[in-house]
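To keep things clear, I will list the structure first and then write my remarks on it.
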Protein chains: 4
Amino acid sequence: MSATSQSPEVPARGKRADALRNQQTLLAAAAAVFVTSGVEAPIREIAARAGVGIGTIYRHFPTRADLVVAVYRHQVEACAEAGPTLLANAASPLAALRQWVDLFTDFLVTKHGLANALQSDTGGFDALHTYFVDRLVPVCAQLLDASVDSGEIVPGTGPYELMRGIGNLCIGRNNDPAYDPRRLVDLLLRGLQQPR
Amino acid sequence: MSATSQSPEVPARGKRADALRNQQTLLAAAAAVFVTSGVEAPIREIAARAGVGIGTIYRHFPTRADLVVAVYRHQVEACAEAGPTLLANAASPLAALRQWVDLFTDFLVTKHGLANALQSDTGGFDALHTYFVDRLVPVCAQLLDASVDSGEIVPGTGPYELMRGIGNLCIGRNNDPAYDPRRLVDLLLRGLQQPR
Amino acid sequence: MSATSQSPEVPARGKRADALRNQQTLLAAAAAVFVTSGVEAPIREIAARAGVGIGTIYRHFPTRADLVVAVYRHQVEACAEAGPTLLANAASPLAALRQWVDLFTDFLVTKHGLANALQSDTGGFDALHTYFVDRLVPVCAQLLDASVDSGEIVPGTGPYELMRGIGNLCIGRNNDPAYDPRRLVDLLLRGLQQPR
Amino acid sequence: MSATSQSPEVPARGKRADALRNQQTLLAAAAAVFVTSGVEAPIREIAARAGVGIGTIYRHFPTRADLVVAVYRHQVEACAEAGPTLLANAASPLAALRQWVDLFTDFLVTKHGLANALQSDTGGFDALHTYFVDRLVPVCAQLLDASVDSGEIVPGTGPYELMRGIGNLCIGRNNDPAYDPRRLVDLLLRGLQQPR
DNA sequence: AATGAATGAGTTTTCATTCAT
DNA sequence: TATGAATGAAAACTCATTCAT
């Protein structure tokens with residue numbers, strides 16, 4: 001590296017700092033709008049909320065998926081990193097799996113429209129789906145395998161299938177007293193357990 | 001019945017016959033398009049597939065919900081009527097519930113986009129949702145109650161919640177080898193069973 | 001008349017009678033609908049009100065203007081025929097003109113949307129306009145000329161102009177307490193009178 | 001004022017200049033189309049005439065009424081402001097009223113379709129009607145009252161009624177040699193004058 | 001780099017008019 | 001002759017996306 005090279009993290013003239021700040025504003029606005037109007041909300045609405053032009057959003061996030069992924073990256077990462085930790089600390093692999101599933105469920109339930117978008121085949125959410133799968137399926141697989149190995153759950157259910165099942169159960173507006181996703185996810189996990 | 005009496009399937013005047021035939025064509029086309037493009041497919045696409053003008057669709061089915069309900073009415077009715085029959089003939093209430101759930105699941109799995117539409121809050125599908133709930137929840141409730149009474153499943157899960165859980169699990173394109181809704185529905189039912 | 005000859009007025013097998021009766025029903029229905037929804041009301045609405053198919057309306061009245069002319073023919077004729085009578089019986093030509101204008105105004109005011117249609121250049125009302133002009137302008141001209149000749153009104157205003165002015169003043173929904181077409185028509189006539 | 005100060009007509013940033021220019025183009029195009037096809041002309045026609053996309057029109061004028069009001073605002077304002085001036089300068093209140101009515105009539109006569117739209121109860125022209133009434137009726141009232149007070153015209157006719165009468169007389173395509181709105185408006189005013 | 005004006009494809013909906021039965 | 005099903009042109013309106021400033 002020459003003396004004039006600049007690492008991305010240390011911008012020289014402040015321009016980059018502006019852009020970064022802008023990006024944060026954007027993500028916050030998008031997150032807020034996603035909660036209100038779902039992940040398919042008009043770009044214009046997000047731009048308005050962020051107080052920027054729509055062109056700015058397109059510059060930072062060329063596709064809608066880019067934006068959605070960026071919005072939820074932190075939480076996906078946190079969820080991914082929690083897997084090994086839980087496995088190391090929980091009383092049993094199944095207990096770890098339960099706790100991880102709780103984490104994952106909480107995440108989906110609190111992000112209105114996210115679960116829906118994850119399985120949508122319209123709107124260019126493929127990248128979002130892919131990201132979730134790539135990042136979380138391995139984590140879930142580890143917990144699942146361990147639980148099978150410990151004899152706590154029956155084999156035959158793959159991590160992708162389980163996660164998508166959980167994801168689907170979380171679809172729909174939350175706070176519906178007649179439909180509690182967490183209860184159903186719990187039933188699903190019970191169904192996985194060994195009869196004994 | 002006199003010799004001149006005519007069954008409802010053999011209308012007397014010509015016009016009606018045409019219209020009825022057309023209505024059948026329409027329903028078939030709509031069903032096909034729903035599988036391909038989901039229940040939110042453009043009206044124009046259905047008209048094109050049926051080989052009729054868009055006006056014709058609006059004549060027969062003024063709102064999208066009318067069309068969707070019409071397309072699925074037969075199967076919803078069949079499913080509703082199967083409930084009591086299964087309960088009367090199966091080895092146990094739980095067995096009847098299982099079989100009924102299989103029926104319901106098959107229905108949803110084979111109708112791409114239907115499960116999705118059922119929980120959508122956009123597109124004027126309220127009527128569809130309402131129809132499903134009104135017609136099927138009581139049936140499901142009967143099977144569920146009987147299974148609780150027989151001690152085969154644990155209490156605490158309502159028929160609406162169960163049906164919506166099943167519905168949600170069926171969301172997504174079918175024939176995905178990595179995600180089998182039927183397996184997950186089966187897990188859900190296992191989760192309902194008494195530990196013993 | 002032989003037993004087998006059939007004058008148009010005495011149809012043998014009722015077909016013609018049916019058609020005539022139908023035509024009357026149609027005219028009555030159209031008149032009623034014109035009052036409610038204006039002269040541009042959907043053909044379908046008229047057909048429904050008459051209890052016939054739309055095709056029947058098109059058979060009898062190929063264009064909308066045909067229908068409108070037919071609906072109002074009686075009254076136009078009555079108005080036309082009243083002209084000479086009034087002129088012969090009134091105290092003066094101006095008095096006759098006044099009475100005739102009252103007749104004409106009443107006609108327009110009570111036919112919602114008619115005055116509007118008369119000057120509309122859309123909707124194919126040309127034939128209607130033409131019919132009114134051909135039939136009534138000569139009548140109005142006679143009254144106007146006589147009034148000029150008697151020295152009661154100033155010359156310079158033509159019958160077409162006057163009639164169209166009156167027609168225009170009658171445009172708009174009636175029963176508006178803030179706008180009384182008759183008062184304004186009266187002002188117009190006053191304006192025509194000789195200063196003396 | 002410094003040399004760098006900018007009048008409102010010379011906005012600082014580029015974009016705004018374009019948009020403003022565009023808005024002018026739009027208003028001109030709309031005015032032209034209104035003359036040709038009336039105030040109910042399809043949005044698309046105006047867009048085509050202006051050489052812009054339809055979206056552009058919706059951006060500038062969300063509703064049709066917004067567009068129509070914008071097109072005629074200048075002239076309505078001029079007309080409104082002329083009232084007091086005329087009253088102050090004319091030889092008599094009636095003379096002022098005459099001149100103002102001429103102004104108003106000229107305005108309507110030269111805007112084909114406007115008079116028609118003003119009394120239409122379809123197409124969302126309420127706002128237009130309201131704007132005219134709110135802005136001009138008080139002005140007309142002042143002139144009318146003064147003319148009554150000076151004994152030049154008979155009382156009993158309200159400003160709204162007079163204006164709407166004039167408006168109605170101006171309905172129809174102009175340049176019809178057989179129908180001169182100005183002549184009829186003049187007759188109407190004569191009708192208002194005191195016999196003496 | 002940011003802006004937001006402009007674009008126009010896509011969808012819904014209404015009705016006059018035709019035409020097979 | 002009557003019917004009304006079918007047609008499709010027309011018009012409004014929304015938004016993702018591009019691009020001049």
Side-chain angles (χ1 to χ4, degrees), chain A residues 14-16 18-19 22 26 40-48 50-60 62-64 123-124, chain B residues 11 13-23 25-26 40-45 47 50-60 62-64 123-124, chain C residues 13-16 18-19 22 26 40-48 50-60 62-64 123-124, chain D residues 12-23 25-26 40-45 47-48 50-60 62-64 123-124:
Chain A
K15 268 293 161 96
R16 186 68 126 257
D18 263 29
N22 225 328
L26 241 45
E40 310 218 42
I43 295 287
R44 194 171 298 275
E45 188 179 341
I46 300 168
V52 304
I54 37 184
T56 305
I57 295 195
Y58 275 94
R59 164 174 299 272
H60 287 285
T63 76
R64 181 181 292 269
Chain B
R13 312 279 178 56
K15 230 34 124 346
R16 201 63 136 253
D18 257 34
L20 276 183
R21 190 154 36 246
N22 223 326
Q23 187 143 333
T25 310
L26 238 47
E40 309 217 45
I43 296 287
R44 193 172 293 275
E45 186 179 343
V52 305
I54 42 177
T56 304
I57 295 196
Y58 276 96
R59 161 177 291 272
H60 288 283
T63 74
R64 181 180 293 270
Chain C
R13 289 196 214 81
K15 267 296 162 97
R16 183 68 124 259
D18 263 29
N22 224 329
L26 238 46
E40 310 218 44
I43 295 286
R44 194 170 298 275
E45 187 178 342
I46 300 169
V52 305
I54 38 184
T56 304
I57 295 195
Y58 275 95
R59 164 173 299 274
H60 288 285
T63 75
R64 181 181 292 269
Chain D
R13 311 280 178 57
K15 228 34 127 339
R16 201 62 137 255
D18 256 35
L20 276 183
R21 190 154 36 246
N22 224 326
Q23 187 143 333
T25 311
L26 237 46
E40 311 217 43
I43 296 288
R44 194 172 294 275
E45 187 179 343
V52 305
I54 40 176
T56 304
I57 295 196
Y58 277 97
R59 160 179 293 272
H60 287 284
T63 75
R64 181 180 293 271

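These numbers were taken from a predicted model, which means no experiment stands behind them. Just so it is clear: chains get the letters A, B, ... in the order the sequence lines come, proteins before strands, and each one is counted from 1.
Phosphate proximity of F:dA6 to B:His60: present, with a side-chain N or O under 4.0 Å from OP1 or OP2. Distances shorter than 4.0 Å separate some side-chain N or O of C:Asn22 from OP1 or OP2 on F:dA2. In this structure, B:Arg44 does not reach the E:dT12 phosphate: none of its side-chain N or O atoms is under 4.0 Å from OP1 or OP2. Between D:Arg64 and F:dA12 there is a side-chain N or O to OP1 or OP2 distance below 4.0 Å.
Residue A:Ile54 is in base contact, counting any heavy-atom pair closer than 4.0 Å across all strands shown.
When both pairing distances are held under 3.5 Å, E:dT11 makes a Watson-Crick or G-U pair with F:dA12. In this structure F:dT21 sits in a base pair with E:dA2, meeting the Watson-Crick or G-U test at under 3.5 Å.
Rounded to an integer number of Å, the gap from B:Leu20 CG to E:dA20 P is 20 Å. Distance A:Ile57 CD1 to F:dA16 C1': 12 Å, rounded to the nearest Å. Here F:dC15 presents its P atom at 13 Å from CD1 of A:Ile46, a figure rounded to the nearest Å.
Proximity note for D:Val52 (side chain, C-beta onward) versus E:dT11, E:dA1, E:dT7: the nearest is E:dT7. If you check E:dT18, E:dA2, F:dT17 against the side chain of C:Tyr58, the one that comes closest is E:dT18.
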